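All values reported here derive from a predicted model rather than from experimental measurement.
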Number of protein chains: 2
Amino acid sequence: MKRAAPRRAPTESDVAELAGVSQSAVSRAFTPGASVAETTRMRILDAAQTLGYQPNLMARSLATSRSNIVALAISYLENPFYAQVVNALSDRLRATGRHILLFTSPPGEDADPALERVLSYQVDAIVMTATTASLELALQCQKSGVPIVQINRDSTLPGISTVRGENRRAGERIAAFLYAGGHRRYAFVGGAPDSTTGRARGAAFAGYLDARGAPPVVMTHGHYTFDGAAQAVRGMLSGPDRPDAIFCASDYMAFAAIGVARREFGLDVPGDISIVGFDDVPEAGRTAYDLTTYSQPASALVEEAIKIIDLLIEDPTRRAMRREVRGQLLVRGTARVPKDGIVVENDERVWRGAEAE
Amino acid sequence: MKRAAPRRAPTESDVAELAGVSQSAVSRAFTPGASVAETTRMRILDAAQTLGYQPNLMARSLATSRSNIVALAISYLENPFYAQVVNALSDRLRATGRHILLFTSPPGEDADPALERVLSYQVDAIVMTATTASLELALQCQKSGVPIVQINRDSTLPGISTVRGENRRAGERIAAFLYAGGHRRYAFVGGAPDSTTGRARGAAFAGYLDARGAPPVVMTHGHYTFDGAAQAVRGMLSGPDRPDAIFCASDYMAFAAIGVARREFGLDVPGDISIVGFDDVPEAGRTAYDLTTYSQPASALVEEAIKIIDLLIEDPTRRAMRREVRGQLLVRGTARVPKDGIVVENDERVWRGAEAE
DNA sequence: ACAGCTATTGCATGCGCATGCAAAACCGAT
DNA sequence: ATCGGTTTTGCATGCGCATGCAATAGCTGT
């Protein structure tokens with residue numbers, strides 16, 4: 001088999017020559033809305049076709065100073081919730097011809113230091129999820145007009161937009177739900193100590209229960225990892241006076257919690273202990289897991305994030321935005337169910353008790 | 001708060017002016033190994049620093065026709081194994097200053113059609129995992145000298161390199177393991193019908209058992225999805241003559257299988273039924289799951305893939321390569337254990353029985 | 001001090017595409 | 001056939017950086 005020497009890719013000039021027009025005509029043929037006669041346009045497209053021409057996006061980006069690339073900074077990819085976020089984001093961006101430049105960072109660390117140089121890639125926007133921007137990055141982006149949106153993380157930095165689930169409300173409603181279920185001792189497995197998101201959930205959870213005179217809530221950190229959550233749960237179940245209701249700040253940690261409770265301690269869930277998660281990842285709804293959880297729809301978060309990005313790209317002087325996406329408490333099989341307040345909606349059992357509060 | 005109008009980013013010329021040198025000097029200052037006096041280099045770096053200069057990678061890429069971007073085409077991101085692959089790849093690439101341009105495709109579909117235009121981005125290489133390249137893409141890449149490596153998928157297409165776990169051997173060893181464990185009726189939950197990888201595992205599995213006169217192996221497809229696997233297992237457990245040993249072509253599907261067996265059918269795993277997975281994702285090793293599985297180390301796969309890429313980039317005329325990464329049968333708690341052949345290695349129980357075969 | 005080198009610099013150009021501007025082609029109406 | 005107006009084209013230039021080549025500066029030995 002003959003191996004063709006790697007050839008230079010055809011350029012607009014090549015196409016132009018073949019089609020008997022100028023390079024700029026070719027450029028226009030590929031620019032939506034540009035002024036080209038339909039007939040020559042066809043001729044050019046034909047020529048491009050036979051040459052196998054593909055526009056060089058680097059060159060285009062250099063000329064237009066827009067890349068159609070969005071940077072995605074992410075951590076905790078092993079958490080299926082974030083896998084969902086990536087999928088959703090990728091899908092929605094593809095719909096507008098954009099793509100994702102991926103920056104991962106190991107759990108626990110701050111955003112990938114390489115992210116500091118993300119602007120070198122002339123990205124149109126930056127989406128961060130499960131990580132937060134550094135001040136320096138925020139300033140750089142502000143200066144150069146590149147929007148940053150954080151999904152599922154708050155920020156006090158200037159110029160950073162955020163989209164998140166309703167953390168406070170979720171914490172309270174889960175507390176109310178478990179309280180109504182008549183539990184006696186409550187625990188919370190949070191994420192990273194410095195995750196605003198997780199903290200908000202925990203604070204609201206404990207706040208509700210404290211206000212009702214429940215015994216102090218056991219607050220722990222699972223660091224959003226499987227092992228971290230397992231460890232935390234192992235700890236609280238080993239001691240005396242073990243909790244009979246645990247709220248985990250993510251489904252992923254709840255899975256670990258359930259596994260530890262069942263397989264290491266031989267507990268019945270939800271007979272001996274109730275466990276509630278947060279996110280409603282797809283697995284959570286399957287009978288294999290059947291996790292009671294508070295939903296935070298990834299696709300809705302992503303949708304909002306993209307809306308924000310597009311507004312900000314259109315008018316970079318606009319202020320940063322904050323959005324909250326609603327969720328609800330999905331009643332399934334890992335937590336004891338209160339007598340009242342269960343409503344069926346779209347085939348899912350939802351808790352509506354104590355809604356007024 | 002005053003909002004600075006989005007400013008043009010500083011360029012090499014700006015730095016040059018400030019440092020009192022020519023633009024090319026600045027360029028050289030940022031090019032490793034270029035000829036610049038150390039003192040002026042410092043002066044330039046200083047100037048760059050104060051200006052907040054960052055090289056424009058699009059321009060650099062245009063000039064050098066190399067982008068330091070690797071395209072990653074992926075599917076089934078919800079499978080934690082692939083999350084691992086992404087993480088590993090991202091880490092290893094970052095070590096050499098490269099980044100990932102992400103192309104996802106929905107489960108079941110072929111690679112993202114947008115991938116056909118991936119060459120527009122002047123990527124240095126393409127990594128595909130859980131998907132396979134189209135012929136057209138393969139030819140395009142061959143023509144333009146862009147290496148393609150598929151992780152965990154075989155290919156018969158020209159110019160495509162592959163890296164995979166030892167599918168055949170795994171299938172046989174798992175069969176031998178379960179056979180030695182004295183099971184009576186075997187089943188296989190494969191992936192997508194057209195996944196060469198999954199087929200190889202299943203064929204080797206069934207082949208081994210057939211050769212020993214075991215009853216015909218129940219062959220099903222889980223399509224590599226959680227629901228697909230659950231469905232398949234549900235089917236085989238509902239019928240008469242239910243299997244007492246299931247090999248799932250991925251851990252992710254094994255989790256679904258275990259859930260269905262335990263929670264829908266009230267079966268004891270491994271008392272009533274043995275379930276073995278494939279991949280050894282991190283969760284599999286945790287007591288919460290404790291899955292018996294055959295390992296396929298994501299980091300090793302990625303490492304090989306990158307080696308191949310680098311060789312191919314260095315010399316694009318080189319032939320496509322195929323690599324197989326070894327794994328082993330990790331004996332944990334979801335399958336009945338044969339009397340003999342268990343060896344402890346690095347804190348893991350490994351099966352070494354019938355090794356000769 | 002000067003020839004002979006070498007290490008540094010700057011100049012000029014090109015990478016592939018987009019786009020403002022002027023030239024050319026076209027069209028219908030007179 | 002001619003004119004005014006509208007499309008359609010091509011020309012020229014720039015985006016920011018890399019690099020071959022020639023010019024310059026710096027250095028060694030005599």
Side-chain angles (χ1 to χ4, degrees), chain A residues 6-45 47-48 51-69 97 117 119-124 144, chain B residues 6-45 47-48 51-69 97 117 119-124 144:
Chain A
R7 247 190 349 216
R8 208 180 98 282
T11 72
E12 285 192 345
S13 302
D14 299 326
V15 177
E17 189 175 3
L18 178 59
V21 294
S22 74
Q23 174 263 321
S24 30
V26 179
S27 171
R28 290 190 173 99
F30 283 93
T31 305
S35 166
V36 215
E38 194 51 29
T39 61
T40 67
R41 199 179 120 77
M42 284 311 173
R43 194 148 39 91
I44 290 174
L45 258 38
L51 255 53
Y53 168 76
Q54 301 216 345
N56 181 327
L57 296 190
M58 297 297 170
R60 173 177 297 176
S61 154
L62 182 60
T64 60
S65 64
R66 295 205 39 198
S67 62
N68 281 328
I69 291 179
R117 251 154 292 150
L119 294 182
S120 293
Y121 283 100
Q122 314 297 111
V123 296
D124 295 345
S144 48
Chain B
R7 246 190 351 215
R8 209 182 98 283
T11 72
E12 285 193 344
S13 302
D14 299 326
V15 177
E17 188 174 5
L18 179 58
V21 295
S22 73
Q23 173 263 321
S24 29
V26 179
S27 171
R28 288 192 244 270
F30 283 93
T31 305
S35 166
V36 214
E38 194 50 30
T39 61
T40 68
R41 198 180 121 77
M42 285 311 174
R43 194 147 39 90
I44 291 173
L45 258 39
L51 254 52
Y53 167 76
Q54 299 215 345
N56 180 327
L57 295 191
M58 297 297 170
R60 174 178 296 177
S61 154
L62 182 60
T64 60
S65 64
R66 295 206 38 197
S67 62
N68 281 328
I69 292 179
R117 251 154 292 150
L119 293 182
S120 293
Y121 283 100
Q122 314 298 109
V123 296
D124 294 346
S144 49

How would you label the contact of [X] with the nucleic acid (heavy atoms, under 4.0 Å): base, sugar-phosphate, or nothing?
{"X": "Ser27(A)", "value": "base"}
{"X": "Val36(A)", "value": "sugar-phosphate"}
{"X": "Thr64(B)", "value": "sugar-phosphate"}
{"X": "Thr40(B)", "value": "sugar-phosphate"}
{"X": "Ser24(B)", "value": "base"}
{"X": "Val26(B)", "value": "nothing"}

Rounded to whole Å, please give me the gap between [atom1] in [X] and [atom2] in [N].
{"X": "Glu38(A)", "N": "dT7(D)", "atom1": "CD", "atom2": "P", "result": "15 Å"}
{"X": "Glu12(B)", "N": "dC15(C)", "atom1": "CD", "atom2": "P", "result": "18 Å"}
{"X": "Asp14(A)", "N": "dC17(C)", "atom1": "CG", "atom2": "C1'", "result": "13 Å"}
{"X": "Leu51(A)", "N": "dG16(C)", "atom1": "CG", "atom2": "C1'", "result": "15 Å"}
{"X": "Arg66(B)", "N": "dT19(D)", "atom1": "CZ", "atom2": "C1'", "result": "16 Å"}
{"X": "Asn68(A)", "N": "dA18(C)", "atom1": "CG", "atom2": "P", "result": "11 Å"}
{"X": "Met58(A)", "N": "dA18(D)", "atom1": "CE", "atom2": "P", "result": "14 Å"}
{"X": "Gln122(A)", "N": "dC17(D)", "atom1": "CD", "atom2": "C1'", "result": "12 Å"}

| Glu17(A) atom CD, over 12 foreign heavy atoms within 6.0 Å | no
| query | Between Ser67(B) and Met58(A), is a side-chain contact (heavy atoms from CB on, under 4.5 Å) present by the stated rule, with each step listed? | reply | CA-CA 9 Å; Ser67(B) 62; Met58(A) 297 297 170; 3.9 Å; yes
| Residue met sooner reading DNA chain C from 5', once Arg28(B) and Leu62(B) are mapped to nucleotides |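 It is Arg28(B) whose nearest nucleotide is closer to the 5' end.
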| said: Nearest heavy atom decides the nucleotide; on that basis, is Arg41(B) or Ala59(A) closer to the 5' end of DNA chain C? | reply: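 That would be Arg41(B).
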| task | Classify the side chain of Gln23(A) versus the base of dA18(C) as yes if they form a donor-acceptor pair under 3.5 Å and no if they do not. | result |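 Indeed there is one.
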| said: Does a side-chain N or O of Tyr53(A) approach OP1 or OP2 of dC17(C) to a distance below 4.0 Å, or not? | reply: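 Tyr53(A) to dC17(C) OP1/OP2: side-chain N or O found under 4.0 Å.
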| message | When you measure from the side-chain N and O atoms of Ser22(B) to the phosphate of dG10(C), is any distance below 4.0 Å, counting only OP1 and OP2? | response | yes
| task | Kindly indicate whether the side chain of Leu51(B), heavy atoms from C-beta on, has any atom under 4.5 Å from the side chain of Leu18(B). | result | yes
| said: Between Asp124(A) and Asn68(A), is there a side-chain heavy-atom distance shorter than 4.5 Å? | reply: yes
| Any donor-acceptor pair under 3.5 Å linking the side chain of Ser120(A) with the backbone of Pro55(B)? |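 Yes.
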| Hey, is the main chain of Ala34(A) close enough, under 3.5 Å, to the side chain of Thr31(A) for a donor-acceptor pair? |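 No.
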Name the closest nucleotide to the [X] side chain, picking from [options].
{"X": "Val21(A)", "options": "dA18(D), dG10(D), dC17(C)", "result": "dG10(D)"}
{"X": "Ala37(A)", "options": "dC17(D), dC17(C), dT8(D)", "result": "dT8(D)"}
{"X": "Ala25(B)", "options": "dG10(C), dA18(C), dA18(D)", "result": "dG10(C)"}

